[in-house]
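Throughout, residue positions are numbered sequentially from 1 according to the sequence presented.
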Amino acid sequence: MAVNLKGRDFLALADFKPEEVRYLIDLAVELKRKQKAGDTYQPLKGKTLGMIFEKSSTRTRVSFEVGMYQLGGHALFLSKNDLQLGRGETVWDTAQTMSRYLDGIMIRTYAHRTVIELARGATIPVINGLTDYAHPCQALADYQTVLEHKGRLEGLKIAYIGDGNNMVHSLMVGAAKLGLHMSVASPEGYEPDEDLTRQAKDMGTETGSTIQVVRDPREAIEGADIVYTDVWASMGFEAEQKEREIAFKNYQVNEELVKYAKADYVFLHCLPAHRGEEVSAEVIDGSHSIVFDEAENRLHAQKAIMAAIM
């Protein structure tokens with residue numbers, strides 16, 4: 001089946017059919033091959049991406065800016081302080097205006113509704129670079145990385161240990177779309193969103209994926225092919241750091257816990273990481289860790305998104 005995503009927004013993986021998600025991953029793998037071989041591929045020559053940052057970033061900014069350059073286009077960095085958004089202009093007016101100048105918008109912000117409002121007002125594709133609810137660009141890069149290391153996605157088990165945040169939301173939907181089994185372990189009060197969990201379970205019926213949320217990290221990680229964690233206090237939740245350290249004290253991914261995973265498991269983390277908190281240095285810096293392959297693939301996955309929709 002031919003896949004045509006031109007003109008689409010990229011707000012959440014739930015908006016895409018399983019074959020469309022897989023198409024983007026396969027395209028990312030192909031664009032990575034081209035870049036490593038030194039092949040010039042510039043389908044976005046003469047096009048411009050506006051990048052709105054209400055949340056600071058390392059990987060998102062550098063990978064989108066470099067990716068746009070490699071695709072032949074240009075990227076504009078726009079902090080909240082650079083825009084009238086910071087002085088009360090509506091999201092709708094901003095979207096309408098920027099649509100007259102740009103060929104695409106990437107936004108990294110707090111409220112997911114801001115991204116939705118921006119997409120409603122824009123007449124050009126909008127990419128969700130991160131919200132408090134979802135991080136679809138990262139999840140796409142994560143599953144590209146797993147495919148490269150494991151040779152397949154279908155039927156693998158991914159265990160996520162920690163906060164039920166934006167990262168786990170996108171990973172769950174991605175697992176459901178791509179046919180992976182996913183087990184999430186979070187302490188009480190920090191579970192993933194119930195509605196989204198239910199939706200992911202329903203989506204999984206099409207691909208044979210199973211999704212479960214449990215309390216015990218050992219139960220979640222049992223027999224896992226992929227082990228994943230994230231910081232205990234995501235950006236915007238720093239004030240809760242101390243209470244979260246208490247709540248998550250038994251949820252560190254360390255050498256004792258990963259004994260329950262498969263012997264050839266791979267470890268993923270979206271970064272930045274806090275060694276000694278959510279993950280031990282022995283695990284994240286050990287032989288099973290592929291976190292920097294994962295970080296690199298943000299570049300290639302996002303190039304695939306931009307090339308496909310812009």
Would a 4.5 Å heavy-atom cut-off, applied to side chains only, mark [X] and [Y] as touching?
X    : Y    : result
L27  : K303 : no
Y265 : I221 : no
Q42  : L71  : no
L31  : Q35  : no

Quick check for you: to the nearest 0.5 Å, what is the distance between [X] atom [atom1] and [Y] atom [atom2]?
X    : Y    : atom1 : atom2 : answer
L11  : T131 : CG    : OG1   : 9.5 Å
I116 : H112 : CD1   : NE2   : 4.0 Å
L83  : L78  : CG    : CG    : 5.0 Å
N165 : E191 : CG    : CD    : 12.5 Å
T229 : M167 : OG1   : CE    : 11.5 Å
L130 : K55  : CG    : NZ    : 5.0 Å

Salt bridge check, [Y] against [X]: does any charged N sit closer than 4.0 Å to a carboxylate O?
X    : Y    : value
R218 : D216 : yes
E282 : R275 : no
R8   : D15  : no
E206 : K201 : no
E255 : K259 : no
D225 : K262 : yes

[X] side chain vs [Y] backbone, donor-acceptor pair below 3.5 Å:
X    : Y    : answer
R215 : S186 : yes
R120 : W92  : no
K150 : I226 : no
N297 : Q144 : no

*Verify whether one side chain among D293 and H149 offers a donor that lies under 3.5 Å from an acceptor in the other.*
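There is such a pair (donor and acceptor under 3.5 Å, judged by atom type) between the side chains of D293 and H149.
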*For L118 against A95, the heavy-atom pair lying closest together*: O-CB, 3.4 Å
_Between Y228 and F267, ring centroids under 6.0 Å_ = no
Looking at [X], I'd like to know if its [atom1] atom is crowded, meaning that more than 12 non-hydrogen atoms belonging to other residues, nucleotides or ligands lie closer than 6.0 Å.
X    : atom1 : result
R113 : CZ    : no
Y260 : OH    : no
E30  : CD    : yes

*Applying salt bridge (charged side-chain N to carboxylate O under 4.0 Å, His left out), run through D26 and R22 and close with a yes or a no.*
CA-CA 6 Å; D26 291 341; R22 184 56 192 253; 3.0 Å; yes
*Sole residue of R244, Q252, E245 in side-chain contact (heavy atoms from CB on, under 4.5 Å) with E277*: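 With E277 as partner, R244, Q252, E245 yield a single side-chain contact (heavy atoms from CB on, under 4.5 Å), made by E245.
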Contacts under 3.5 angstrom, residues 176-184 side chains, donor-acceptor by atom type, not counting sequence neighbours:
from: K177; atom 1: NZ; to: F16; atom 2: O; distance (Å): 2.7
from: H181; atom 1: ND1; to: T210; atom 2: N; distance (Å): 3.2
from: H181; atom 1: ND1; to: T210; atom 2: OG1; distance (Å): 2.9
from: S183; atom 1: OG; to: Q212; atom 2: NE2; distance (Å): 3.1

